[in-house]
Amino acid sequence: MDEQTRLMHSHSGVGMAGHPGLPQHMQEGTGGTDGDGRKQDIGDILQQIMTITDQSLDEAQARKHALNCHRMKPALFNVLCEIKEKTVLSIRGAQEEEPPDPQLMRLDNMLLAEGVSGPEKGGGSAAAAVAAAAAASGGVGVGAENTTEHSDYRAKLTQIRQIYHTELEKYEQACNEFTTHVMNLLREQSRTRPISPKEIERMVNIIHRKFSSIQMQLKQSTCEAVMILRSRFLDARRKRRNFNKQATEILNEYFYSHLSNPYPSEEAKEELAKKCAITVAQVSNWFGNKRIRYKKNIGKFQEEANMYAARTAVNAANASSHGSQANSPSTPNSAGGYPSPCYQSDRRIQ
DNA sequence: TATGATGATTTCCA
DNA sequence: TGGAAATCATCATA
């Protein structure tokens with residue numbers, strides 16, 4: 001007697017009719033000779049499954065093989081798959097319906113806005129902000145420097161972008177490889193235990209979620225890197241550069257030549273800003289700083305004041321002999337000459 | 001590396 | 001709202 005026949009005819013007596021876990025269609029049509037035969041088959045299989053762990057390895061392997069070849073096996077597997085889907089999987093399935101993670105959405109949005117993820121758009125909003133900051137600060141000789149810094153920023157952002165995409169690709173590749181591996185494994189196993197396609201799908205989803213959480217960490221660290229880069233390049237104080245010598249001379253010249261009233265009008269500020277290649281705001285800052293520092297320590301600035309007074313006197317003499325005018329920007333309040341190099345404000349500074 | 005110089009920012013006031 | 005004053009942060013130099 002071959003193994004299958006022996007299996008089919010041994011262990012009789014374990015019926016499936018009325019089995020609580022068995023679907024109705026499997027319980028119907030069990031009457032009659034054919035039905036009795038089926039009942040006995042299923043009983044045999046279940047009995048063998050129950051006792052398979054008590055047997056030796058070789059015997060168990062032989063029985064496993066016999067079970068695999070059993071004509072009722074596909075039907076029984078289908079039933080078991082159905083039961084699994086109706087119980088365990090349906091419960092888990094209900095739990096797995098999760099809304100999109102808001103943190104992940106934030107990270108995705110930020111990476112998109114910064115131009116790290118999505119189509120390359122030349123550095124994103126931060127790059128634009130850096131460019132704007134560069135344009136706003138633009139001192140003498142600083143313009144080129146800002147351009148360099150801007151390109152530095154873009155280069156570093158591109159570097160971050162490349163690292164991000166490389167890592168992302170690696171994760172996706174690993175995820176796909178692992179998913180394929182698990183799917184093959186499950187398909188292989190589905191020959192020896194009931195595994196439904198839904199179960200495989202669920203397993204794939206679990207793997208994808210695990211890899212998504214790793215991806216989220218990658219996104220988080222990328223965002224942090226971008227934020228650090230951004231703060232480094234956007235912090236104006238960090239970017240502070242001294243004005244060049246020529247610009248400082250022009251500003252000092254104006255300051256000491258209008259020492260009695262060192263408050264340039266808007267027009268004068270604009271002119272000075274133009275001459276020094278800095279912004280009007282920077283001119284205002286400079287005069288604000290200069291006034292307060294001069295006032296605090298007139299003695300210290302005495303020498304500087306005398307020097308500028310002498311220099312401008314020479315310029316004025318040259319100008320008058322050539323019939324031209326002094327080149328310092330004029331203001332409605334301009335004294336037009338050099339007051340004594342001490343602070344004689346007729347306005348707000350006392 | 002300490003220190004002074006200096007450009008920028010913030011807060012308050014008239 | 002512009003300016004004074006205080007403060008911060010970085011630069012430059014000894």
Side-chain angles (χ1 to χ4, degrees), chain A residues 125-153 155-156 224-312 328-335 339-350:
Chain A
S125 62
V130 170
S137 62
V140 174
V142 178
E145 221 168 293
N146 280 332
T147 312
T148 312
E149 283 196 1
H150 186 206
S151 64
D152 272 359
Y153 177 87
K156 285 194 165 62
E224 279 169 18
V226 171
M227 291 308 287
I228 290 165
L229 183 70
R230 196 175 174 163
S231 68
R232 263 184 56 192
F233 278 86
L234 286 179
D235 189 343
R237 282 178 175 172
R238 204 180 279 274
K239 273 162 54 68
R240 190 184 76 78
R241 296 279 183 278
N242 289 351
F243 298 155
N244 73 356
K245 211 174 171 185
Q246 195 193 345
T248 311
E249 297 244 316
I250 292 167
L251 293 167
N252 271 317
E253 223 165 79
Y254 185 96
F255 180 81
Y256 288 112
S257 63
H258 298 79
L259 204 51
S260 60
N261 185 32
Y263 298 87
S265 63
E266 279 307 305
E267 292 76 22
K269 280 181 190 173
E270 276 170 27
E271 204 177 331
L272 283 168
K274 213 171 174 183
K275 272 188 160 185
C276 300
I278 57 177
T279 64
V280 173
Q282 283 177 305
V283 172
S284 298
N285 282 339
W286 189 92
F287 273 89
N289 285 324
K290 190 73 182 179
R291 280 192 298 264
I292 194 78
R293 283 164 187 163
Y294 182 85
K295 187 188 165 189
K296 272 187 175 175
N297 197 348
I298 294 173
K300 194 184 109 184
F301 288 95
Q302 195 74 58
E303 202 181 327
E304 190 179 61
N306 288 335
M307 186 194 73
Y308 278 102
R311 191 187 295 180
T312 318
S328 62
S330 61
T331 70
N333 298 324
S334 173
S340 61
C342 59
Y343 214 87
Q344 296 175 347
S345 171
D346 55 357
R347 278 185 58 174
R348 297 172 59 167
I349 297 177
Q350 285 101 29

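Side chains included, hydrogens not; waters and symmetry mates left out as well; all remaining heavy atoms used. Keep in mind it's a predicted model, so treat the numbers as computed, not measured. Just so we're on the same page: letters track the sequence lines, and every chain starts at 1.
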Can you tell me which nucleotide in [options] comes closest to the side chain of [X]?
{"X": "A/Arg293", "options": "B/dA5, B/dG7, C/dC11", "value": "B/dG7"}
{"X": "A/Trp286", "options": "C/dA4, B/dA5, B/dG7", "value": "B/dG7"}
{"X": "A/Asn242", "options": "C/dG3, C/dA4, B/dG7", "value": "B/dG7"}

Set of residues satisfying side chain to side chain donor-acceptor pair (under 3.5 Å) with respect to A/Glu270, sequence neighbours excluded: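 With sequence neighbours excluded, A/Glu270 shows a side chain to side chain donor-acceptor pair (under 3.5 Å) to no residue whatsoever.
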Mark yes or no for a side-chain to base donor-acceptor pair under 3.5 Å between A/Asn289 and B/dA8, with no hydrogen or angle criteria applied.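 Checked by distance alone, the answer is yes.
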Under 4.0 Å between a side-chain N or O of [X] and OP1 or OP2 of [N]?
{"X": "A/Tyr294", "N": "B/dT6", "answer": "no"}
{"X": "A/Asn285", "N": "B/dA8", "answer": "yes"}
{"X": "A/Gln282", "N": "B/dG7", "answer": "no"}
{"X": "A/Arg291", "N": "C/dA4", "answer": "yes"}
{"X": "A/Lys296", "N": "C/dA4", "answer": "no"}
{"X": "A/Lys290", "N": "B/dA5", "answer": "no"}

Can you tell me how far [atom2] of [N] sits from [atom1] of [X], to the nearest Å?
{"X": "A/Phe243", "N": "B/dG7", "atom1": "CZ", "atom2": "P", "result": "5 Å"}
{"X": "A/Ile292", "N": "B/dC12", "atom1": "CD1", "atom2": "C1'", "result": "13 Å"}
{"X": "A/Glu267", "N": "C/dG2", "atom1": "CD", "atom2": "P", "result": "13 Å"}
{"X": "A/Asn261", "N": "C/dA4", "atom1": "CG", "atom2": "P", "result": "11 Å"}
{"X": "A/Asn244", "N": "B/dG7", "atom1": "CG", "atom2": "C1'", "result": "14 Å"}
{"X": "A/Phe287", "N": "B/dT6", "atom1": "CZ", "atom2": "P", "result": "15 Å"}
{"X": "A/Asn297", "N": "C/dA5", "atom1": "CG", "atom2": "P", "result": "14 Å"}

Is the NZ or CZ atom of A/Arg291 both under 6.0 Å from the centre of the six-membered ring of A/Tyr294 and within 45° of that ring's axis?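 No cation-pi geometry.
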Within the side chain of A/Gln282, is there an N or O that forms a donor-acceptor pair under 3.5 Å with the backbone of A/Thr279?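 Such a contact is found between A/Gln282 side chain and A/Thr279 backbone.
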When you check the gap from the basic side-chain N to the acidic O, do A/Lys269 and A/Glu266 get nearer than 4.0 Å?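 Result for this pair is yes, salt bridge flagged.
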Please report the closest heavy-atom contact between A/Tyr254 and A/Ala268, naming both atoms and the distance.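 Where A/Tyr254 meets A/Ala268 most closely, the heavy atoms are OH-CB, 3.7 Å.
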